Structures are given as C-alpha cells and as structure tokens.
Amino acid sequence: MGTVPTTRLEKIQFYEAHTAPWAANAVAIGLTTSGVTSFTAQVTAARAAFNAAESAREASKAATTFFYKKVADMQDTGSDLIRTIRTTAITKNDPTIYSLAQIPPPATPGETPPPGTPFDFRVTLEPTGSLSIVWKCDNPAGTSGTIYEIKRKIGTGAATYIGATGVKNFTDNTVPSSAAASGVTYQITGVRSTSRGVTGQFVVNFGVPGGGGLTIDSVTDVMDSGGVGVTTA
C-alpha cells in the first residue's frame with residue numbers, strides 16, 4: 001500500500017498535513033528549507049485550483065438548472081399557444097389556420113387492425129376425458145383486450161359456441177362421446193370490441209388402442225394448406 005492516497009483531493013490533504021513538519025525539520029529529515037518552501041507553494045496552488053474547480057462545477061450546475069427551467073417555461077407557454085391555434089382552427093372550421101401558423105393539423109386517427117389468426121394448436125387429452133387446447137396468435141402491436149371465442153363442431157354437424165377466454169388456452173370439459181367416432185372440429189376467433197379476426201380451425205381425430213381407452217390419433221390444422229398434423233400430447 002502506497003504512502004500517498006490515490007485521489008487528487010486526498011493527495012492535497014496529505015501534503016497539506018506534512019508541509020509544516022517538513023519545514024520545521026527540513027535539515028534533520030534530509031530536505032532543504034528552500035525546497036520545502038517551494039513545495040509548500042505548489043500545495044497551496046493545488047488547493048486553490050481545487051477550490052476554483054469546485055466553484056466552477058457548482059456554477060455549472062446552477063447554470064444548467066437555470067437553462068432547463070427557462071426551456072421548460074418556454075415549452076409551457078408554447079404549448080398553450082399551439083393549443084389556442086388548434087382550438088381557433090377547429091372553432092372556425094378553417095384548416096388554413098394551420099398553414100398560417102406553420103404547424104401540422106391533428107393527425108386523423110387510424111383504424112386498429114383486427115386480432116390475428118390463431119395457429120400452432122396443441123392439444124392434450126386429460127385423464128378426465130377433457131381436452132386442453134393451447135394456441136398462438138400474433139395480434140397487432142399496441143393492442144390489448146383480445147378475447148378468443150371458441151366454437152366446436154362434431155363430425156359434419158353445426159358449429160356451436162362453447163366458451164371464450166382472454167388467454168391463449170382453453171379446456172373443453174364437455175366433449176361428447178360421439179366425438180370419438182366422428183372427430184371434433186374447433187374454431188377459434190380473436191375478438192376485440194367490434195373487430196373480429198380470421199378464424200383458426202383445427203380437427204381432432206381420436207383412436208382406440210388395443211388396451212381400450214380413448215387417445216388422440218391426429219390434430220390437423222385446417223388453415224394449413226399442407227394438412228399436416230399439429231403437435232399432440
């Protein structure tokens with residue numbers, strides 16, 4: 001560990017504490033009186049420079065704070081003036097006011113795209129006989145509140161509404177026994193307010209192994225042109 005501290009201020013403080021005893025005992029400790037006097041002047045100059053730097057830093061902080069305050073005051077007043085200009089243009093129904101003021105008119109709100117199309121369906125046959133369904137859906141950025149409407153169709157029958165969920169999974173606890181022979185089609189549609197997305201649709205076909213009991217034979221995504229089976233469990 002060195003004798004002299006590492007920071008600049010600590011170095012100044014160290015030498016300030018040593019110049020007096022060094023001056024008083026210069027010859028005894030191998031120094032010269034003139035050398036210690038010259039060094040003491042350097043220590044004093046370093047302290048003065050530090051004090052000046054500290055003052056400059058404080059002045060800079062104050063100047064920066066003052067600058068930020070003046071910009072904030074300007075922005076507050078400017079925003080009030082722009083609001084007045086826009087209010088005048090709306091009240092008079094005169095869009096040329098925006099041109100005169102050289103500010104853009106309010107942007108026309110755009111229509112939010114509808115929810116995405118559910119895909120990548122994954123189905124698990126639970127020991128209770130219910131079907132747990134998980135899917136993916138890429139909804140437009142910045143949107144929320146999508147509800148997924150689930151309909152079910154047994155064989156070639158009509159699609160019937162069986163529930164809705166705000167998350168991308170659903171458990172069908174009412175799969176009828178007739179689904180084992182004819183298969184079941186699920187239709188999942190993303191809905192947000194009055195906007196409806198494209199329906200995702202897949203078919204679950206069942207099988208009966210030699211040992212008895214129902215199993216999932218295949219899951220086919222109807223939206224997939226290749227008709228390949230989707231993950232099953």
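Note that the structure is a prediction, hence the values are computed from the model and not measured. Numbering starts at 1 and runs along the sequence shown.
With sequence neighbours left out, Ala20 forms a side-chain contact (heavy atoms from CB on, under 4.5 Å) with no residue at all. Residues passing the side-chain contact (heavy atoms from CB on, under 4.5 Å) test with Thr174 are Arg152, Asp172, sequence neighbours excluded. Residues that satisfy the side-chain contact (heavy atoms from CB on, under 4.5 Å) test with Ile103, not counting sequence neighbours, are Ile82, Ile85, Arg86, Tyr98, Ala101. With sequence neighbours left out, Asp76 forms a salt bridge (charged side-chain N to carboxylate O under 4.0 Å, His left out) with no residue at all. Remark: Val203 pairs with Thr185, Asn205, Val222 by the side-chain contact (heavy atoms from CB on, under 4.5 Å) rule, at least two apart or across chains.
Using a 4.5 Å heavy-atom cutoff, the side chains of Thr171 and Leu131 are not in contact. Counting heavy atoms from C-beta outward, Phe170 and Tyr186 have side chains that stay 4.5 Å or more apart. The closest side-chain heavy-atom distance from Lys153 to Thr160 is not below 4.5 Å. Between Thr124 and Arg122 there is no side-chain heavy-atom pair separated by less than 4.5 Å. Two residues are said to be in side-chain contact when any heavy atoms from C-beta on lie closer than 4.5 Å; Thr117 and Phe119 fail this criterion.
Judged as a salt bridge (charged side-chain N to carboxylate O under 4.0 Å, His left out), not a single pair has a partner in residues 2-13 (not counting sequence neighbours). Pairs of residues two or more places apart, or lying in two chains, that qualify as salt bridge (charged side-chain N to carboxylate O under 4.0 Å, His left out) and include a residue from residues 31-57 are Glu16-Arg47, Glu54-Arg57.
Under a cut-off of 6.0 angstrom, the local environment of CG in Asp73 is crowded, with over 12 non-hydrogen atoms contributed by other residues, nucleotides or ligands.
Under a 4.5 Å side-chain heavy-atom cut-off, the cluster of Ile, Leu, Val, Met, Phe, Trp and Tyr residues that includes Tyr161 has no other member. In this structure, Phe39 shares a hydrophobic cluster with Val4, Phe14, Tyr15, Trp22, Ile29, Leu31, Val36, Val43, the cluster being traced through Ile, Leu, Val, Met, Phe, Trp and Tyr side chains under 4.5 angstrom apart. Through ILVMFWY side-chain contacts below 4.5 Å, Val167 is grouped with nothing and stands alone. Ile12 belongs to a hydrophobic cluster with Leu9, Phe50, counting contacts under 4.5 Å between side-chain heavy atoms of Ile, Leu, Val, Met, Phe, Trp and Tyr, direct or through other members.
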Q. Can you check side chain to side chain contact (heavy atoms under 4.5 Å, CB included) on Asp221 and Phe121, steps first, answer last?
A. CA-CA 7 Å; Asp221 189 340; Phe121 305 101; 3.9 Å; yes
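Using a cut-off of 4.0 Å between Lys/Arg side-chain N and Asp/Glu carboxylate O, Asp138 and Lys136 are scored as not salt-bridged.
No hydrogens or angles considered: a donor-acceptor pair under 3.5 Å links the side chains of Thr128 and Ser130. Between Thr189 and Glu149, the side chains place no donor N or O within less than 3.5 Å of an acceptor N or O (distance only, hydrogens not considered). A donor and an acceptor atom, one from each side chain of Asp94 and Thr96, are located under 3.5 Å apart. No side-chain donor-acceptor contact under 3.5 Å links Ser38 and Gln42.
Grouping the Ile, Leu, Val, Met, Phe, Trp and Tyr side chains by contacts below 4.5 angstrom, directly or via other members, places Phe206 with Ile162. No continuous path of hydrophobic side-chain contacts links Val175 to Val134 [ILVMFWY only; heavy atoms under 4.5 Å]. Under the 4.5 Å side-chain heavy-atom criterion for ILVMFWY residues, a single connected hydrophobic cluster contains both Ile150 and Ile154. Ile188 and Val191 fall into different hydrophobic clusters, where Ile, Leu, Val, Met, Phe, Trp and Tyr are joined by side-chain heavy atoms under 4.5 Å apart, directly or via other members.
Rounding to the nearest 0.5 angstrom, the gap separating the CG atom in Leu100 from the OG1 atom in Thr88 is 11.5 Å. Taking CZ of Arg196 as the reference point, atom OG1 of Thr194 lies at 10.5 Å (rounded to 0.5 Å). One distance of note links CG of Asp217 with CG of Leu125; it measures 12.0 Å at 0.5 Å rounding.
Looking at every heavy atom in both residues, Cys137 comes nearest to Pro118 through SG-N, 3.9 Å. Heavy atoms only, all atoms of each residue included: Phe202 and Val204 are closest at CE1-CG2, 3.7 Å. Scanning all heavy atoms of the two residues, the minimum distance from Pro140 to Gly116 falls at CD-N, 4.3 Å. Heavy-atom minimum distance, Gly145 versus Arg192: O-CG, 4.2 Å. Taking each heavy atom of Gln187 and Ala159 in turn, the nearest pair found is OE1-CB, 3.6 Å. Considering all non-hydrogen atoms of both residues, Gly166 and Ile147 come closest at CA-CD1, 3.9 Å.
Between the side chain of Thr143 and the backbone N or O of Asn139 there is no donor-acceptor pair closer than 3.5 Å.
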Which atom pairs, donor and acceptor, lie under 3.5 Å between side-chain atoms of residues 59-67 and protein residues at least two apart or in another chain?
| unit_1 | atom_1 | unit_2 | atom_2 | d |
| --- | --- | --- | --- | --- |
| Thr64 | OG1 | Ser60 | O | 2.9 |
| Thr65 | OG1 | Lys61 | O | 2.9 |

